[in-house]
Amino acid sequence: MSDTKEKRELSLPVRLRKLFFSTLYLSTFTFGGGYVIVSLLKKKFVDELHWIDENEMLDLVAIAQSAPGAIAVNGAIVVGFKIAGAAGILVSVLGAVLPPFVILTVVSFFYSAFKENFAVQAMLYGMKAGVSAVIVDVVFDMASGIVKGRDALLITIMIASFAANYFLNVNVVWIILVTAGTGALITVIRNRRGKGDEK
Amino acid sequence: MTYIELFLAFLHIGAFSFGGGYAAMPLIQEQVIDKYHWMTIEDFTDLVTISQMTPGPIAVNAATFVGTQIAGVLGAVMATVGVCLPSCIFVSVLAWLYVRYRNLSVMKGVLACLRPAVTSMIFAAGLMILIPALFPDGIAAGAESFQVRQLIYFSAALLCLRRFKIGPIKVMIGCGAAELLVRLAMMGLVR
């Protein structure tokens, strides 16, 4: 892996400080989910600071998506890891988590008073319908992507896991483990077959 | 004891929420509502709403919120550390393996299969919010308690999101503001 020029020039504390303030800033002003923050991380660390090259960033994002957990946190971890190893991970996770932590702590302290308020009650009532619509909208996009792929296996997984979760109350963790196992098995079989054809 | 429970519950949420964002929802619901009874579905719905309007992932927001509610700031720290720890471990190991072997094909295969499962589980969690909003006394109670206004807001919101591509935060606030106006108007009429 070739280190880019600027990265070698800066000392570790300088890099860590820059890493912390970058993730802190991005995390504070990112509304609307993990994928937004991933594209902002790319803009900052690839296009602006040139600390990571473009293709490597794509792979790092793939890693962030493959692991469990919030994409925003995982994205910060891969960037921190790439730039400054274990210390980088610590610093960038702290930067990513601090803003939501502070905001939600404040919200939480005022929650009971907040909930009793007439205007807040009305807003929260109406927003329930809004949140449901946002979720349905997201699900619709995800599901139509899967259906358009016309992969019978994936469509079966989608239907079966809905039935298992919603009607049969199967634990979410079991569904994830069984699906992940299936995916690993099928990929290994397909890879073997692919190699067999080449011979 | 509560601190340890908070830590473990959120460790569990962090370790199994594949796919980011809404993927954590069914897991939070399972641990926080069904298993530990730290929250009602009502509070959970408010939390999801608040999460939408504040920066940060739902899982981190939930950890902070539930932690503070149950055991103060230290509880929030325990829950938040719990939810981030699996990420730190898994991502570092994967990144290390990647640097070492650069082979992502099995990982990609696993992800491709997980995506439809995660989609279904998010949908199921969404229904857990939508159905009580429409039928606060349960579906069995039927037409009597059916919330017509919620159905109108829901349909209008979906139309705005899909047809007119209006941002989710604006749509949600719009729904809330509509209800506030309706209630103010009703009070005006009563007077």
Side-chain angles (χ1 to χ4, degrees), chain A residues 27-28 30-31 33-34 62-63 66-74 77-78 81 89 93 97 99-101 103-105 107-108 119 122-139 142-143 146 154 157-158 161-162 165-166 172-173 175-176 179-180 182-184 187, chain B residues 14-18 20-21 26-27 30 45-46 48-49 54-57 59-61 64-65 68-69 76 80 84 86-87 90-91 94-95 98 104 106-107 109-111 113-114 116-117 119-124 126 129-130 133 150 153-154 157-158 161 168 171-172 175-176 178-180 183:
Chain A
S27 176
T28 310
T30 310
F31 296 84
I63 290 168
S66 325
I71 302 284
V73 175
N74 293 0
I77 294 172
V78 285
F81 174 85
I89 292 177
V93 168
V97 166
F101 186 87
I103 292 168
L104 264 288
T105 305
V107 169
S108 179
M123 289 289 287
L124 284 175
Y125 176 91
M127 282 196 286
K128 252 189 240 176
V131 171
S132 314
V134 171
I135 295 168
V136 169
D137 179 48
V138 169
V139 168
M142 293 172 79
I146 291 158
L154 299 186
I157 291 175
M158 188 160 73
S161 51
F162 180 75
N165 186 213
Y166 194 72
V172 183
V173 172
I175 298 175
I176 288 167
T179 316
T182 312
T187 316
Chain B
F16 290 102
S17 52
F18 286 87
L27 284 145
E30 192 205 333
T45 307
D46 290 347
V48 176
T49 310
T54 54
V60 175
N61 290 347
T64 309
F65 186 82
T68 314
Q69 294 276 311
T80 307
C84 294
S87 288
F90 279 106
V91 175
L94 285 178
Y98 160 74
L104 296 168
V106 173
M107 239 147 76
V110 170
L111 268 190
C113 283
L114 276 176
T119 306
S120 294
M121 291 187 294
I122 295 170
F123 185 54
I129 292 178
L130 179 63
Q150 289 286 37
Y153 300 148
F154 175 77
L158 205 56
L161 287 163
V171 168
M172 281 172 30
C175 287
E179 174 65 15
L180 184 59
R183 289 195 188 181

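The structure presented is a predicted model; accordingly, all values stated were derived computationally and were not measured.
Only the side chain of A:T187 comes within less than 4.5 Å of a heavy atom in chain B; its backbone stays farther off. For A:I176, the parts sitting under 4.5 Å from any heavy atom of chain B are the backbone and the side chain alike. Heavy atoms of A:V131 lying under 4.5 Å from chain B belong to its backbone as well as its side chain. Interface remark: B:Q69 contributes backbone and side-chain atoms alike to the contact with chain A (heavy atom separation under 4.5 Å). In this structure, no portion of B:P86 lies under 4.5 Å from any heavy atom of chain A. Residue A:F101 touches chain B through both its backbone and its side chain, counting heavy-atom pairs closer than 4.5 Å.
Note on A:V73, A:I157, A:D137, A:T182: by heavy-atom pairs under 4.5 Å with chain B, the leading option is A:D137. Ranking A:S161, A:A119, A:S108 against chain B, the residue ahead of the rest is A:S108, based on heavy-atom pairs under 4.5 Å. Of the listed residues (B:T68, B:L130, B:V171), the greatest number of heavy-atom pairs within a distance under 4.5 Å of chain A belongs to B:T68. For chain A, the option among B:D46, B:T80, B:T45 with the highest count of heavy-atom pairs below 4.5 Å is B:D46. For the options B:A124, B:C84, B:A178, heavy-atom pairs under 4.5 Å to chain A are most numerous at B:A124.
In this structure, A:Y125 and B:Y153 have perpendicular ring planes: the angle between them is above 60°, well past the 30° mark.
Results of the side chain to side chain contact (heavy atoms under 4.5 Å, CB included) test with B:T119 over A:L154, A:V138, A:V139 single out A:V139 as the only residue that passes.
If you take CD1 on A:I175 and CG on B:L114, they are separated by 11.0 Å, rounding to the nearest 0.5 Å. Annotation: the span from B:L94 atom CG to A:I63 atom CD1 amounts to 6.5 Å, rounded to 0.5 Å.
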*For B:S120 and A:N165, run side chain to side chain contact (heavy atoms under 4.5 Å, CB included): C-alpha distance rounded to whole Å, both residues' side-chain angles, the deciding distance at 0.1 Å, then the answer.*
CA-CA 8 Å; B:S120 294; A:N165 186 213; over 6 Å; no
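Heavy-atom minimum distance, B:I129 versus A:K128: CG2-O, 4.2 Å. Contact detail for A:P68 and B:F16: the closest heavy-atom pair is CB-N, 4.2 Å. In this structure, A:I135 and B:G126 approach most closely via the heavy-atom pair CG2-CA, 3.8 Å. In terms of heavy atoms, B:V60 sits closest to A:P100 at CG1-CG, 4.0 Å. Of all heavy-atom pairs between B:S87 and A:G69, the closest is OG-CA, 3.5 Å. Pairing each heavy atom of B:P57 with each of A:A72, the nearest pair is CG-CB, 4.0 Å.
A heavy-atom distance below 4.5 Å is not found between the side chains of B:F18 and A:T179. Between B:L27 and A:V173 the shortest side-chain heavy-atom distance falls below 4.5 Å.
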